[in-house]
Amino acid sequence: MAEPMKVTTQRYRLGYHLMTPGGWMNDPNGFSFFKGWYHIFYQFYPYKAEWGPMHWGHARSRDLIHWETLGVALAPDAEENGCFSGSAVVYDDKLWLVYTGHHTPNARDPEDFYQDQRVAWSEDGIHFTKYGANPVLTKPEDNTKHFRDPKVWQDGKDFYMVLGSQGLDHLGRALVYRSENLLSWQLATELSKAKSKETEGYMWECPDFFHLDGQDVLLMSPQGLDPDGDRFHNMNQTGYLMGHVNPETKHLERGEFVEIDHGHDFYATQTMMAPDGRRIMIAWMNAWDSPMYEVEDGWAGALTLPRELHVKNGRIYQQPIAEVCQLRENELLHGPLEAENEYALGRKAELQLTFERPAAGRLLLLTDGEKHLQLSLEPDTHRFVIDRNTEDGERAAKLLDSDELKLRIFLDKSSAEIFVNDGELTFTERIYWQGVVSVRVLTSAKNQAQAWNLEDEANTY
Ligand code: FRU
């Protein structure tokens, strides 16, 4: 038996973001609420800090903030070479996992694969049994081998599943299936399809579909987009199509694809509806093409803070869920910050900084003397720019005009999550701080700041 990978040093281990106990993590899976616990699962390879035959790692929480790592929920069996991404739904007093079986019958060629959809269930939310007659769904005739990442929800008596898929025309699309019992599925509609590979991608990974503030939203992670101005600079992106499903055609009539986060390290979102009706999103705080320096320490990957979604000004806004305030320990700053002075924040902190407009140009620098993250706002174009001072270190997006410029920044030992103007724009970054991080304001625009030290070891592994 292979031994699970062990973490060798704590230097980049995050204080309050969820990671693996050791080994590799990618997409969040099965985000759900069952018998008083929030559950999150994730794509997991326990034996090395690199992608391998996918398992489902598992953690649960009472408050979405303090997570308790549990044992592996799903491991590939003789019929599967990997348990790929999927979701969870409560039915018949059980927690059901709906996942993709990934199969590579030709060991010498990993690209020679097929994918099908499978289920497993649990009565205690900890131990899972795979259905004996899996798979419950195989790909349709008019599809290539890309057919994965089921997201299931209940509507009335019926269950629906949206799947990432690729038509024979090699364009990404989202298929929706319907079921009464999670075991037998019928195609309901091709909800939406890419207009072209360059603008919307050849494959849509990790789709998710929900109603939000009167809109129908298809959130997904397309592959293959061409960079366009400030947009689409990561290898793959995550974003949404927003509009309304036409009741006759069952197609989503929608606007253009909009990136949901503009940082380097954000991919493969999943949302859940909390018992109080909030739509909460979580994502992998990495990207397939971004460096992960923790690999040499025996682990790789993390999840973002959970974020509450709303529609405002025709866009999706993201705010960290209210519960994050529980992470605050002592207050570090309160009041205006003097330009060019350095204020120490440590390595796990929340900083709220509001500038009076017109604040423009270089706004602030987060620095530990070695690593830097600079934030600026271009005065005429309203282009908000972050620069992490590495190769391809810049990311930017346009901000709407506003009377104030509000920044809310969550620093952790190897990350920064930046929320601009109440979540109109977000930038998610892995940044491997080497020492105590300080903030330096670079503009003379009037400001008000508040900062707190945040909890370390918020999660158990
Ligand atoms: C997205 C993804 C999914 C797949 C999983 C495999 O990051 O490629 O499409 O199910 O990762 O680990």
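Start at 1 and go down the list; that is how both ligands and their atoms are numbered. This chain uses plain numbering: 1 for the first residue, then up along the sequence. As the structure is a prediction and not an experimental result, all values here were calculated from the model.
- Annotation: atom 8 (O) of ligand 1 to nearest protein heavy atom, Glu205 OE2, 2.8 Å.
- Per-residue contacts place Tyr267 under 4.0 angstrom from the following atoms of ligand 1 (heavy atoms of the residue considered): 1 (C), 7 (O).
- The closest protein non-hydrogen atom to atom 6 (C) of ligand 1 is Gln43 OE1, 3.2 Å.
- Between His39 and Phe33, the distance separating the two ring centers is not shorter than 6.0 angstrom.
- A salt bridge does not link Glu308 with Arg279: none of the charged nitrogens is closer than 4.0 Å to a carboxylate oxygen.
- Regarding atom 1 (C) of ligand 1, its nearest protein heavy-atom neighbour is Asp27 OD2, 3.0 Å.
- Taking a cut-off of under 4.0 Å to the non-hydrogen atoms of Phe84, the atoms of ligand 1 that pass are 4 (C), 6 (C), 10 (O).
- Contacts between Thr100 and ligand 1, counted as non-hydrogen atom pairs separated by less than 4.0 Å, are absent for every part of the residue.
- For ligand 1, the atoms sitting less than 4.0 Å from at least one non-hydrogen atom of Met54 are 12 (O), numbered in the order shown with element in parentheses.
- Contacts of Trp284 with ligand 1, taken as heavy-atom pairs under 4.0 Å, are absent altogether.
- Shown in contact with Asp149 at under 4.0 Å from a heavy atom are these atoms of ligand 1, numbered in order with element: 3 (C), 4 (C), 9 (O), 10 (O).
- A salt bridge links Glu323 and Arg278; the closest N-O separation between the charged side-chain nitrogens and carboxylate oxygens is under 4.0 Å.
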